[in-house]
Amino acid sequence: MIDIHTHLLFGIDDGCESLNDTLAMAEAAVKEGIHTIIATPHHKNGRYENSKDAILLKTGELNEVLKEKQIPLTVLPGQEPRIYGEILEDYRKGEILTLNNGGQYLFIELPSSHVPRYTEKLLYEIQMEGLTPIIVHPERNQEIIQEPDILYRLVNNGALTQVTASSLTGHFGKKIKKFSCQLIEANLTHFISSDAHNLTNRPYRLREAYDEIDQSYGIDTVFLFTENAELLVQGLNVYKEPPEKVKTKRFLGLF
Ligand code: FE
């Protein structure tokens, strides 16, 4: 398996704290059947800043250590920037890192409480720059949960999304699990990944999530997501089905 969203690099955000943590996480990944990981440290989220060059350097160093320790895991560079108005200017300045430094797919983290009004316009401009924005964990955004049509519009306009494995396994609660399933059913997500921070309260659970998807939707849906992670790493176009609106069951006015 390939995991496209992790906080594996140590000492730079709220993920791994030490090299020992990182090595334990790397070994756990291999044990779970993950052979390739994209390290995506937080950037500009109000607490952490990790710009492109620093991440490229640390990723290279980590791969050397993994080789030395004979841990069969490949770490690729990435970044998880919080949405902000000047992100494209900073991309042009060389501070923003696309996934696997491929110049194609760009993670975008929304604030957890809402979707900024400029999001639609900015995601459009990102695409005009030749990049494909991937909205990370939309299933945990309060405004999107309340109004899924916001996400429908963004996806319909060309954005991709990534749902977190632990959301599907129910570790963020029943409501988020249900909403994650609705996003899959409405073709509103394109990747499943762990967003793993540590081995205690934010582990991978990627295999568990794929097992859930297999049981609920069948192996074809599992293939769609695993293939997409592969295509992303290779810098190729990913599969997407036409998005649909999430069917919300509302009985307003009936009671
Ligand atoms: Fe993350």
Side-chain angles (χ1 to χ4, degrees), residues 1-17 21-22 25-26 28-29 32 34 36-52 54-56 58-59 62 73 75-84 87 95-101 105-116 119 123 126 132-142 144-145 151 159-169 171-173 176-177 179-180 183 189-206 208-209 225 228-229 232-233:
M1 293 185 289
I2 297 175
D3 194 352
I4 67 164
H5 182 167
T6 69
H7 297 268
L8 183 68
L9 297 179
F10 64 92
I12 57 175
D13 64 6
D14 55 347
C16 290
E17 287 175 13
D21 285 353
T22 296
M25 282 272 282
E32 186 150 340
I34 296 165
T36 302
I37 269 185
I38 309 187
T40 52
H42 288 292
H43 183 57
K44 299 261 186 184
N45 70 343
R47 277 181 77 191
Y48 305 107
E49 297 211 2
N50 289 291
S51 61
K52 179 178 174 176
I55 297 168
L56 290 176
K58 283 189 194 298
T59 306
L62 177 58
L73 180 72
V75 183
L76 305 173
Q79 188 186 45
E80 182 183 9
R82 175 73 60 94
I83 194 165
Y84 62 103
I87 192 168
E95 289 169 16
I96 299 296
L97 178 56
T98 51
L99 297 171
N100 194 21
N101 199 12
Y105 294 104
L106 178 66
F107 267 175
I108 295 289
E109 184 190 40
L110 299 171
S112 56
S113 58
H114 68 287
V115 180
T119 300
L123 295 192
I126 287 171
T132 304
I134 301 177
I135 300 165
V136 300
H137 42 69
E139 80 283 3
R140 286 158 50 202
N141 178 283
Q142 284 313 313
I144 290 175
I145 292 170
L151 190 68
L160 302 176
T161 83
Q162 168 260 309
V163 159
T164 301
S166 293
S167 297
L168 277 165
T169 57
H171 287 85
F172 287 107
I176 287 180
K177 176 174 174 149
F179 188 53
S180 302
L183 295 185
T189 193
H190 312 83
F191 305 96
I192 309 298
S193 65
S194 74
D195 195 7
H197 282 62
N198 53 54
L199 290 177
T200 50
N201 62 337
R202 299 288 301 276
Y204 299 103
R205 300 195 183 104
L206 196 56
E208 210 180 318
F225 290 124
N228 272 355
L232 176 147
V233 163

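Side-chain atoms are counted along with the backbone in the values below, which use heavy atoms only and exclude waters and symmetry mates. Order of appearance sets the numbers: ligands from 1, and atoms from 1 within every ligand.
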Nearest heavy-atom neighbours spanning Leu110 and Pro116: CD2-CD, 4.3 Å
Mind running side-chain contact (heavy atoms from CB on, under 4.5 Å) on His43 and Glu49 for me, showing each step along the way? CA-CA 4 Å; His43 183 57; Glu49 297 211 2; 4.2 Å; yes
Strictly under 2.8 Å, is any N, O or S atom of His7 next to the Fe ion (ligand 1)? yes
Among the N/O/S atoms of Asp195, which is closest to the Fe ion (ligand 1)? Give the atom name. OD1
Could you walk me through whether Ile108 and Ile87 pass side-chain contact (heavy atoms from CB on, under 4.5 Å), step by step? CA-CA 10 Å; Ile108 295 289; Ile87 192 168; 3.8 Å; yes
Of all the atoms in His137, is at least one N, O or S atom closer to the Fe ion (ligand 1) than 2.8 Å? no
Tell me, with the steps shown, if His5 and His137 meet side-chain contact (heavy atoms from CB on, under 4.5 Å). CA-CA 10 Å; His5 182 167; His137 42 69; 4.1 Å; yes
The Fe ion (ligand 1) and Glu80: any N/O/S contact shorter than 2.8 Å? yes
